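A short write-up of the structure that comes next.
Heavy atoms only: backbone and side chains are in, while hydrogens, waters and symmetry mates are out. The structure displayed is predicted, hence computed values, not measured ones. Letters A, B, ... mirror the listed sequences (proteins, then strands); counts begin at 1.
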Protein chains: 2
Amino acid sequence: MECNDSNLSCLNCKEREGTVLDVLTDKQLQLITDNKTCVVFKKGQIIMHEGNNPNGVYCLKHGKCKTHKLGIEGKEQIIRFAKSGDLLGYRAILSDEPLSASITALEETRACFIPRQELFELIEQSPSFSMQLMKVACHDLGEAGRIITNLAQKTVRERLAEMLLLLESTFGVTSDGNLDVSLTREEIANLVGTATESTIRLLSEFKEDKLIVLKGRKIKLVERGKLAKLGNVFD
Amino acid sequence: MECNDSNLSCLNCKEREGTVLDVLTDKQLQLITDNKTCVVFKKGQIIMHEGNNPNGVYCLKHGKCKTHKLGIEGKEQIIRFAKSGDLLGYRAILSDEPLSASITALEETRACFIPRQELFELIEQSPSFSMQLMKVACHDLGEAGRIITNLAQKTVRERLAEMLLLLESTFGVTSDGNLDVSLTREEIANLVGTATESTIRLLSEFKEDKLIVLKGRKIKLVERGKLAKLGNVFD
DNA sequence: TTTTTTTAATGATAAATGTCATTTTATTAA
DNA sequence: TTAATAAAATGACATTTATCATTAAAAAAA
């Protein structure tokens with residue numbers, strides 16, 4: 001799974017823009033470049049394993065991942081997604097706890113592994129880097145609060161409608177207008193927090209009501225306003 | 001609501017032990033002491049308001065608080081609790097976002113207000129302080145993931161059983177063995193994510209089954225093992 | 001391609017939970 | 001203390017959602 005992108009410098013990395021690494025100096029970026037390992041994961045491959053203690057973080061260069069936890073009777077719960085520019089496994093490393101969730105590639109994914117030591121060296125060196133990490137963690141914590149409120153108070157139908165909008169804003173759409181992420185009905189169910197059959201039925205209902213267009217795993221949102229209303233989405 | 005504890009030094013503060021402030025030097029603690037304001041909140045008083053931009057954080061010295069978000073049709077969702085030693089509002093300050101939730105005192109609460117400026121000054125000065133803040137944020141993020149999974153996968157009965165155990169481990173018990181926190185049935189419902197009536201019925205059921213003893217708002221756990229089993233709690 | 005396996009769809013039914021209405025009991029304020 | 005208010009308890013019922021069984025369709029592998 002290693003690949004020869006290792007020699008690519010973080011300094012020229014286009015995906016770096018707007019990420020936590022963007023506040024580092026050229027010298028600090030060079031430290032990462034000198035110590036990172038570039039890796040490719042195939043679709044379905046587990047990148048990090050719940051319960052393990054990671055030795056560093058991955059900086060996601062290209063691809064999409066799901067972060068998921070084991071729930072009751074082995075049922076998967078999808079907690080969030082990751083895409084280009086995201087840091088994988090930062091929560092466990094920074095809290096000095098085992099991974100609270102696994103991370104799995106949803107498609108071929110390229111990422112650079114940054115070892116623990118260099119990560120911490122940069123935290124020591126750069127308060128603004130620390131600040132960026134805190135920002136990400138605290139932002140994600142706010143998101144988690146929203147998810148908690150939705151799970152606790154919304155119906156399955158509302159959550160599904162909202163989730164479709166969220167998937168679109170997270171991953172965007174392909175040239176033919178479909179959500180640019182391929183998930184099984186089961187995965188959508190594991191994200192929304194419901195039974196697979198319920199997800200299937202509700203998606204069919206949305207299709208029937210002309211809110212979305214379905215073609216296998218391809219989902220196209222048609223009536224975003226109605227979906228937002230149905231999902232009690234206000235922002 | 002201001003009080004004359006302002007002149008108390010953080011250096012001698014007993015509640016500081018084991019908190020994020022514990023890694024600061026005496027000089028750094030003095031910086032806080034010189035700039036903090038000590039405040040008392042009465043039961044039911046809102047300490048921070050969802051949507052506002054806080055000018056600092058509160059360090060909770062004594063008391064108990066709930067962190068709660070507005071949900072569908074104004075329904076309150078309790079996200080987490082705070083107690084002695086906790087920092088209130090750190091998420092919003094560190095992510096530079098408005099407060100994603102309100103914080104309300106559940107009983108008379110004493111807290112010290114640390115202004116934004118001094119907080120950031122300490123982050124600049126002390127990588128280990130930054131590290132502590134990250135640890136807290138990342139730990140809370142892990143907790144949030146657990147809560148999400150529970151809300152998505154457990155039944156109301158399971159969640160209530162687990163929550164009772166969680167309340168005991170968070171707040172402990174009084175001398176007569178009751179949970180050392182007073183919540184209305186509605187608040188418990190807003191924590192568990194269910195209707196107040198359902199909470200009332202299930203608590204009565206637990207009482208009927210001799211898992212707990214109820215006396216108004218006083219709740220005593222009797223059969224912790226059975227509660228854990230009923231709640232699918234494994235740790 | 002053809003076969004095999006996985007995923008999706010659908011119906012029937014059971015179970016869990018929410019909602020509304022009402023009464024009883026606590027708690028708070030006068 | 002009493003009156004006023006809020007919270008808790010309970011019943012009846014509607015609705016949502018899960019579960020199980022089965023078939024159809026789509027992906028993946030041979």
(message) Check this one for me: any side-chain N or O of A:Arg201 less than 4.0 Å away from OP1 or OP2 of D:dT16?
(response) no
Could you go through residues 47-56 of chain B and list every donor-acceptor pair under 3.5 Å that involves a side-chain atom there, pairing it with any protein atom two or more places apart or in another chain?
residue: B:Glu50; atom: OE1; partner: B:Leu70; partner atom: N; Å: 2.9

(request) Report yes if at least one side-chain N or O of A:Ser204 is closer than 4.0 Å to OP1 or OP2 of C:dT10; otherwise report no. (result) yes
(request) Using a heavy-atom cut-off of under 4.0 Å over every strand shown, decide if B:Glu186 touches base, sugar-phosphate, or nothing. (result) sugar-phosphate
(request) Rounded to the nearest angstrom, tell me the gap between atom CZ in B:Arg157 and atom P in D:dA18. (result) 16 Å
(message) Rounded to whole Å, how long is the line connecting atom CZ of B:Arg217 with atom P of D:dA6?
(response) 12 Å
(request) Rounded to the nearest angstrom, tell me the gap between atom CD in A:Glu73 and atom C1' in D:dA18. (result) 13 Å
(request) Would you indicate whether the side-chain heavy atoms of B:Tyr90 and B:Val20 approach each other to under 4.5 Å? (result) no
(message) So B:Thr196, base contact, sugar-phosphate only, or nothing? Heavy-atom distance under 4.0 Å.
(response) nothing
(message) If I take atom CD in residue A:Glu158 and atom C1' in nucleotide D:dT17, what distance separates them, rounded to the nearest angstrom?
(response) 14 Å
(message) I need the CD-C1' distance between B:Glu197 and C:dG18, as an integer number of Å.
(response) 8 Å
(message) Output the rounded distance in Å from CD (A:Glu208) to C1' (C:dT10).
(response) 13 Å
(request) Return the 5'-most residue of the pair A:Val156, B:Leu203 with respect to DNA chain D, ranking by each residue's nearest nucleotide. (result) B:Leu203
(request) Could you tell me whether the phosphate oxygens of D:dT17, OP1 or OP2, come under 4.0 Å of any side-chain nitrogen or oxygen in A:Ser198? (result) no
(message) Distance alone, cut at 3.5 Å: any donor-acceptor contact between the side chains of A:Arg159 and A:Thr194?
(response) no
(message) Tell me which pairs pass side-chain hydrogen bond (donor to acceptor under 3.5 Å, both in side chains) where either residue lies in residues 197-211 of chain B, with sequence neighbours left out.
(response) B:Arg157-B:Glu205
(request) Can you figure out which of C:dT7, D:dA7, D:dT19 approaches the side chain of A:Ala195 most closely? (result) D:dT19
(message) If we count only N and O atoms by modelled type, under 3.5 Å, do the side chains of B:Glu97 and A:His139 hold a donor and an acceptor together?
(response) yes
(request) Measure from the side chain of B:Lys43, starting at C-beta and using heavy atoms only, and say which of D:dT10, C:dT28, C:dA9 lies closest. (result) C:dT28
(request) Find the distance A:Leu183:CG to C:dT6:C1' and express it as a whole number of Å. (result) 16 Å
(message) Expressed as a whole number of angstroms, how long is the span from A:Leu214:CG to D:dA26:P?
(response) 12 Å
